[in-house]
2 protein chains.
Amino acid sequence: MSSTHTGVTTTPAALDPCGRADHPDCGIRDVLDRIGDKWSVLVVVELAGGPRRFRELQRAIDGISQRMLTLTVRRLERDGLVLRTVYPTVPAQVDYRLTETGAGLTHLVKALADWSLAHRAVIAEARQAYDRAHPGHDIH
Amino acid sequence: MSSTHTGVTTTPAALDPCGRADHPDCGIRDVLDRIGDKWSVLVVVELAGGPRRFRELQRAIDGISQRMLTLTVRRLERDGLVLRTVYPTVPAQVDYRLTETGAGLTHLVKALADWSLAHRAVIAEARQAYDRAHPGHDIH
DNA sequence: CTGCATCCGGGACGATACTG
DNA sequence: CAGTATCGTCCCGGATGCAG
């Protein structure tokens, strides 16, 4: 419990994304821990186009392993963002689709993608400029 | 940016949030690789409240180590999202503030936070339900 | 105060093999 | 097709110490 929050830095109410200066986290960490991993967002993006089967997902998402797809899709299901349906056919057939909650995420992802595309060039430029100005200064 | 921001899922053939079915990534990975780490977003959130000094940031962001704050802020600077200003005082004084580009991120973060708060309860419930239905089935 | 260097552990992730 | 199990690697991130 972080009850001792010594001296809150004065924050203009208009700028604080969460509206509470004493709690800068404001739940962002929650979302990030949930979909901030390597694959979740890509799965959501793919499912935004409609239901997909396991193999379809794997083929659509370049580079993902079976293991990670399983884990990712399982976690999304657990969080109620994805609905998993098993058809008792032979061989087994499973499809995944976004739930209501998961579909809501699509808009955010869309916004993220838009922002990314809009600033990709500027950021790349900034990067090159930085690297030019800081030679041998490796950040990671 | 004339794109339908609602009812995306109903689209039969062309479907993904980026408007190109052959490229499901659409740059989302870019954003995530950049701010999807453990601390970047929190730094952005804090800086959304105005310029901060190094120590202020560290105090504001609960749990971050000096090392990670340095790395995070450095990467943000490199990407042109944060501006770093050094004042030649003694001892050294540095402040960080969002650039135009970085400030734009604030809105996205806000949306993320809103979504998180709005669905936190539902997700937690879904989780418990899942765990109840799948005892011993550890996802992680 | 503001940082960088170093060591180190744990978890995320990939590759592979096997099952139903 | 749709997973599960196991193993190994990599790197993120924490702790600590030192420097300008």
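Residue numbering restarts at 1 for every chain, and letters A, B, ... go by the order of the sequence lines.
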K.L.:
Tell me the interatomic distance from A:R75, atom CZ, to C:dG11, atom C1', rounded to whole angstroms.
P.N.:
11 Å
K.L.:
Flag the pair A:L42 / A:W39 as yes when at least one side-chain heavy-atom distance between them is below 4.5 Å, and no otherwise.
P.N.:
yes
K.L.:
Mind calculating the distance between CZ (A:R59) and P (D:dG3) to the nearest angstrom?
P.N.:
14 Å
K.L.:
Taking the side chain as every heavy atom from C-beta outward, state whether A:L47 and A:T106 have any atom pair closer than 4.5 Å.
P.N.:
no
K.L.:
Of the nucleotides C:dC13, C:dG3, D:dA2, which has the atom closest to the A:D37 side chain?
P.N.:
C:dC13
K.L.:
Check every atom of D:dT4, C:dC4, D:dT6 against the side chain of A:R67 and return the nucleotide holding the closest atom.
P.N.:
D:dT6
K.L.:
On a heavy-atom basis, which atom in A:T72 and which in A:M68 lie closest, and how many Å separate them?
P.N.:
OG1-O, 2.6 Å
K.L.:
Taking B:D79 first and then B:R75, would you say they form a salt bridge - that is, a charged N and a carboxylate O separated by under 4.0 Å?
P.N.:
no
K.L.:
Let me spell it out: for each of A:A92 and B:V86, pick the nucleotide of DNA chain C with the closest heavy atom. Which residue's pick is nearer the 5' end?
P.N.:
B:V86
K.L.:
Under 4.0 Å from OP1 or OP2 of C:dG3: is there any side-chain N or O of B:Y96 that close?
P.N.:
yes
K.L.:
Grab the CG-P distance between A:D95 and D:dC1 for me, whole Å please.
P.N.:
15 Å
K.L.:
Any idea which of C:dG14, D:dG3, D:dG14 is nearest the A:M68 side chain?
P.N.:
C:dG14
K.L.:
Starting the side chain at C-beta, find the nucleotide from D:dA2, D:dG3, D:dG13 nearest to A:R74.
P.N.:
D:dG3
K.L.:
Would you say C:dT2 has OP1 or OP2 under 4.0 Å from some side-chain N or O of B:R84?
P.N.:
no
K.L.:
Which nucleotide, C:dA17, C:dT2, D:dA2, lies nearest any side-chain atom of A:Q66?
P.N.:
C:dA17
K.L.:
Can you tell me the distance, in whole Å, between the CG atom of B:L69 and the C1' atom of C:dG3?
P.N.:
10 Å
K.L.:
Ignoring the backbone of B:W39, work out which of C:dG14, D:dG14, D:dA2 is nearest its side chain.
P.N.:
D:dG14
K.L.:
Give the rounded distance in Å between these two atoms: CG of A:D62 and C1' of C:dG14.
P.N.:
14 Å
K.L.:
Within this structure, what is the NZ-to-C1' distance between A:K38 and D:dC11, rounded to whole angstrom?
P.N.:
11 Å
K.L.:
Out of C:dG3, D:dA2, D:dG14, which has the shortest distance to the side chain of B:T70?
P.N.:
C:dG3
K.L.:
Can you tell me the distance, in whole Å, between the CG atom of A:D33 and the P atom of C:dG11?
P.N.:
14 Å
K.L.:
Are the side chains of A:T85 and A:V94 in contact, using a 4.5 Å heavy-atom criterion?
P.N.:
no
K.L.:
Can you identify which nucleotide, out of D:dC1, C:dT2, C:dG14, has its nearest atom closest to the A:S65 side chain?
P.N.:
C:dG14
K.L.:
Rounding to an integer number of Å, can you tell me how far B:L71 CG sits from C:dT6 C1'?
P.N.:
13 Å
